[in-house]
Each structure stands twice: as structure tokens, then as C-alpha cells.
Amino acid sequence: MLRVLAVDDEKPLLEELLYLLRSDPRVRSAEGASDATEALRRVTRALESGPDGADAIDVVFLDIHMAGLTGLDIARLLAGFARPPLIVFVTAHEGFAVQAFDLKAVDYVLKPVRPERLAEAVRRACEQLGRSEESPAGVVAGDAPMAGGPAVPAPRRPVAEVTVADRAPDQIAVELGGVTRFVAIADISYVEAQGDYARLHTDEGSHLVRIPVSTLEERWAARGFVRIHRRHLVALARIDELRLEAGTTSVRVGTAELQVSRRHARELRELLMRQATG
């Protein structure tokens, strides 16, 4: 079972996060810190006490935007320890996913936090630590609580993972602020890799989903999507220009100019030529 520290400088959000964490039967203890200084003090004390000490911490659930040091700053500091706790970022901002996973974050949970999405983050932490995910005897995740006890969220895959496989194949589920939308794959111009996530670019904007680009490359090959770079998957029909300059290749997709890696350049040129000649 996990020993958890939650860090957020907004008290209502911290209290809600702690309530959800304490409701999960895989969490032994969950304590809160309202700023970076307090968080670092508690983690330092935990590391000094050792993995079996009374103050030990397995996972830190960390907000990003806070007064003073940000959550990313805290994660960088913790990375300097020999055996730091795992990090799960909990934030209202999509744009830090790449930095988060560069810092070896276990997960990146968007606010407002849904119980089932937080339960998935707990599952990932348990998996990485090699801890059992079984509930205590007599308790089944998702069952109705005992009188006076908190509800226990059922651990499930996040919405984007559930619906992407089960939804009609011409749509993909995307989530923002607790609202799930279904985007037509035909509306997607290109896909950008962001760690374990993929950012889907359309004419109206972009959407972040927790699906690796390699998975989308395999699923969408028959729909005309091709890999042009380790970071980018592009819809062939959305390429407006192919540019060859000073030994480098790039494509223009709407207003975006995307680099084409050398290993993909020849195949892309051939595909575009075949498309142009019918």
C-alpha cells in the first residue's frame, strides 16, 4: 500500500485530492503540503527516515503552478536524491506534459480530477513500485462504502483509453477539464508526440490524449497517416507543401512547418508522388 504526499497551494483542491486518495484502498496514508517549502521538508524527513521509516513517502502528487517554486522545480530537486519518491503531476495545464515525462513522472493527471482517473494514476504507481493492487480483505474497489465511510473509486482505465478502443473507429475520445469530446479522425492534420501522450492537431485547435504516437501510427496507417519524424505523424492528404532546402526536408501542414527525418524522407516523397499521380 502506498504512502502519499499531496502538494497544492490551493486549500480546497488539496483537500479534495486528499479525500480521493484516502478513499482508495491501495493508499495506506495520504498527507498534504500547501507549498514547496513544506513539501521539500517532508520529503527530506521521509528520505532521512528510510523506506521503512514512519515518515516514508512512496509517491508525491504534485501541482505544477504554485507560488515560489513550481512543481517542476520540486521534481528536479527530488531527482537529485539517491532514492526519490515517485512523482505524479496533478495540474490544470496540458502544456507541461513533455517536461513532466522528461522528469520521469509516473503520470500526468488533469484537473478537475476525476476519481477514476486518479485511481489509474495510483495503479501506475503501484505497478512501478511492484506493490500489490489488491484491496484489503473484505473491501472491493468500487463497492458501496460502509456506513459513515468514504466511497472507494473503482480503478479503471482513463476515459481516453476506454473509449478509443470502443468508440466508432472514425472518432477518437479527447478530454479537457473533465469533459469528453469525440473528434473525427478526418479532422486531424497531424499528431505530435509528447512523452507518453500525443497531441492531436486540428484546424480548430489541439487535444492531448494518453496514447503513444507509435500506437496511433499503427491504428491509423490505413487512414493515410504516415510517420515523418519520431515526433510527428501526419495525414498525407493534409500536406500542402514538401520543401527540400540545404539537404533537409520539411512539410507544411496548414500554418505548421514540420521537419522530416532522413529515414522517412524518401518514403514520404514516394507516397506524395503516388498520391499526386492518382
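Residue numbers count from 1 along this sequence.
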CZ of R238 to CD1 of I188, rounded to nearest 0.5 Å, is 9.0 Å
ask   = Is L103 close to I87 at the side-chain level, that is, under 4.5 Å between some pair of heavy atoms?
value = no
Are S206 and R199 linked by a side-chain donor-acceptor pair shorter than 3.5 Å? yes
- prompt: Which word best sums up how the rings of H201 and Y190 line up, parallel for under 30°, tilted for 30 to 60°, or perpendicular for over 60°?
  reply: parallel
Heavy-atom closest pair (C126 atom, R26 atom, distance to 0.1 Å) is SG-CB, 4.2 Å
Is the ring pair H232/H229 parallel, tilted or perpendicular, if the boundaries are 30 and 60 degrees? tilted
Distance-only check: which donor-acceptor pairs under 3.5 Å involve side-chain atoms of residues 4-15, not counting sequence neighbours?
{"unit_1": "D8", "atom_1": "OD1", "unit_2": "E10", "atom_2": "N", "d": "2.9"}
{"unit_1": "D8", "atom_1": "OD2", "unit_2": "K111", "atom_2": "NZ", "d": "2.7"}
{"unit_1": "D9", "atom_1": "OD2", "unit_2": "A67", "atom_2": "N", "d": "3.1"}

Query raised in the report: Mind checking whether V60 and V88 have side chains closer than 4.5 Å, heavy atoms only?
Result: no
### Message
Students often mix this up, so state it plainly: with edges at 30° and 60°, are the rings of H65 and H93 parallel, tilted or perpendicular?
### Response
perpendicular
Query raised in the report: Between L236 and L271, does a side-chain contact (heavy atoms from CB on, under 4.5 Å) hold up when you go through it step by step?
Result: CA-CA 8 Å; L236 269 180; L271 287 170; 4.0 Å; yes
Given side chains that start at C-beta, do those of I57 and V43 come closer than 4.5 Å, heavy atoms only? yes
If only atom types and distance count, is the side chain of T215 paired as donor or acceptor with the main-chain N or O of I211 below 3.5 Å? no
